[in-house]
Each structure stands twice: as structure tokens, then as C-alpha cells.
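Position 1 is the first residue of the sequence, and the numbers go up from there. For ligands, and for the atoms within them, numbers begin at 1 and follow the listed sequence.
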Amino acid sequence: MLPLLLSTLLFATPLLASPVSPRQTTRQYIVHNQCPAAVNLYIAGAFDSTIPQGGNVTKFLSTGAGFWYTDANLGTPTAEGTAKAGFLDDFYYIVTDPTYINAGISVAPRDRPAVDGFCPKIECDSRDCANAFTQPPTRFPSPSNIAPTPPYYRCPYSNTTYDITFCPTGVFPPLTTTLHPDYTVQKCIDVRGAVFANGTPVQIYDCNGTPAQNWVLTRGGTKVQLAGTNFCLDAGSSPANGVGLKIWQCYDNLPAQQWYYTLDNRIALEAKGFCTDLPNGNQANANQLQTWQCTDNNQNQVWTI
Ligand SMILES: *[C@@H]1O[C@H](CO)[C@@H](O)[C@H](O)[C@H]1NC(C)=O
Ligand SMILES: *[C@@H]1O[C@H](CO)[C@@H](O)[C@H](O)[C@H]1NC(C)=O
């Protein structure tokens, strides 16, 4: 009777309703932050602590402690828009939000051999990664001698320590997106006339769903690249107040293309004090963007996704 009861319990445990299982114990988790900023750690919907960039936090918690995630980079305290790590007994797994992922995450059992599908390190760096759930699982397979089918993972050793890492790639996940002036969703950053060539002005225009308005960037240090092309937002070699922005062939480590997309939605030239700016805040079609000294509370310098 007992094995049947156990497997029934495991199979039917709803994860969000504080799972309780006969084998639940306390174990060690070490949470690392490799994101390009300090991040807040949340566990089971509650704020735990702020982890500095490059830092870590050690927790001793139950084997079914609920989801581990961060609200950094437009994630939320309620876990919407986040990638999250879950644990139940010796199962571990990742859940992503299919519409938005704020920060990649990895989970690795420490000091346990990865053998026959058991105990592998798992990692998810984009919203469509293959080895993650898109909804929290409500049922778990019965533990057996065969490793469970991903995205379920299992490490069947007692008292395993887990390393959980935010941003294992060192950056926030790239966004492919339109960029709007200060939350005005019907206006977009646009390449004038869709002429993809060195020197074409970058302007504001009605959003129209064309490739001339589709950009790839990350939070933190980033290029601002026109998706599917090798052209980047470029500030020229002498950025100053009033200098018009353009696209130019992308280069690595070119100061004119090294931007920093801040968490408060400014696109600033890295270490230069100049921001991407909408002249006079004028959202009329064809107004060319410029560099301007970054100033606090300047709505002309806010670019939202
Ligand atoms: C955690 O961070 C401290 C420094 O704050 C470092 O000395 C230690 O090695 C780190 N531990 C792990 C497990 O990474
Ligand atoms: C479990 O592992 C932790 C960390 O290695 C250790 O501090 C603790 O004593 C262990 N508990 C048991 C019951 O072995």
C-alpha cells in the first residue's frame, strides 16, 4: 500500500499549493547573480534579498520551497515575465513566461555526477528555450531508475546542494522589439525611408510593423541593432548636443555604437554622458533623433519597449 500511496501523492501534488511530500527536508541553495546589475531575489512570491552584481546568497530551505526568481529587467515580484527555478523533492526544473523573459537562469546540482540523464545542469537564456515549462507543472512523474523526460529533471541523492544562477550568459536576454518615445506606443524609432545604408537618419515615425522599426538590444551595455541586418544605431565620432543619429554598419567595440539601455529606459552612449533624445519632444513623423546630454526626468530621453 505505501508505495502506491507515495506515488499517488507525488503524481498529483499541485505545485502552487505549497506541496508537501513525505520526503521533504531542508537543503542548501546558493544563488548567484551574473547579471549586469544588482538583482532582487524572490522566493515563493516573497522578497528575500538583494544580490550584488557578481555576488551570491546561501539559503537553507525546504525541498519544495516554491519558485526562485528575480524581478530585475522588467520582471515582476509576482513572477510574471520571469524565468524561475522550481524544486520538489529531488526534482528540479525551470519555468519561463512565453511572452517575456527578464533574466536567464540555470540550475545545477553541486558535487553530483551527471549520469544517465540524472543531475544535469539546466539553463534557459531565452523565452523560447526548449528545456523549460511554460506553465508551472502540476504533476510529477513517479521517481524511478530512469531519468524523467525533460523538462522534468531529477537528482536522486539526499541533501544535494543546488547552484541557481541568474544571467548565466552575463547579460540580460536580448530583446527584439520596437522602441517607443516615452510609452507612446503608436510612435516608433524608425530608419528613414527603410534605406538600410551607412548614414541613413534615424527618426520618429508612426509604428507600421516594418523591418525599419525592429531593433535588437539588451538591458545594460548593448548595441542597438536593426534586426536581421548588420546596421546599428550610431552616434558618430563626435557626439554632442544636437548631433543627429543614424545607422551605420555594426562594429564591435566602436564607441559610437556602444550604448547602455538603462532600467529606466534611457539609451545612453556608454561612459559619454549623452543620451538618445527626441528633439523638442516632437513626435511628428520624420523628426530625426539626436544625442543630447543625459538629464534627469527628461521625457525626451525615455525609450520604452
Ligand atoms: C560567494 O561570494 C563570496 C564573496 O562575496 C565569495 O567569497 C564566495 O566564493 C562566493 N561563493 C560561491 C559559492 O560562489
Ligand atoms: C546537508 O548539506 C549541508 C550543506 O552541505 C550541510 O550543512 C548539512 O549539515 C547537511 N545535512 C545533512 C542532514 O546531512
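- Salt bridge present: Asp264 and Arg266 bring a charged side-chain N and a carboxylate O closer than 4.0 Å.
- For atom 7 (O) of ligand 2, the nearest protein heavy atom (residue, atom name, distance) is Phe60 CE2, 4.1 Å.
- A salt bridge links Asp252 to Lys223: at least one charged side-chain nitrogen sits closer than 4.0 Å to a carboxylate oxygen.
- The distance from ligand 2 to the heavy atoms of Gln28 drops below 4.0 Å at these ligand atoms: 4 (C), 5 (O).
- Ranked by closest heavy atom to atom 12 (C) of ligand 2, the top entry among Thr26, Asn159, Thr58 is Asn159.
- In this structure, the protein non-hydrogen atom closest to atom 13 (C) of ligand 1 is Arg110 NH2, 3.5 Å.
- Counting heavy atoms only, Asn56 comes closest to atom 8 (C) of ligand 1 of the residues Val57, Asn56, Asp163.
- Between Asn73 and Pro173, some side-chain heavy-atom pair lies under the 4.5 Å cut-off.
- For atom 2 (O) of ligand 2, a protein heavy-atom neighbour is present inside the 4.0 Å cut-off.
- Proximity to His32 (heavy-atom distance under 4.0 Å) selects the following atoms of ligand 1: 12 (C), 13 (C), 14 (O).
- Contact check for Asn285 versus Ile204: no side-chain heavy atoms found under the 4.5 Å cut-off.
- A cation-pi arrangement is present between Arg219 and Tyr261, with the terminal nitrogen or guanidinium carbon under 6.0 Å from the aromatic centre and inside a 45° cone about the axis.
- Look at Asp97 and Arg127 and you find no salt bridge, because none of the NZ, NE, NH1 or NH2 atoms lies under 4.0 Å from a carboxylate O.
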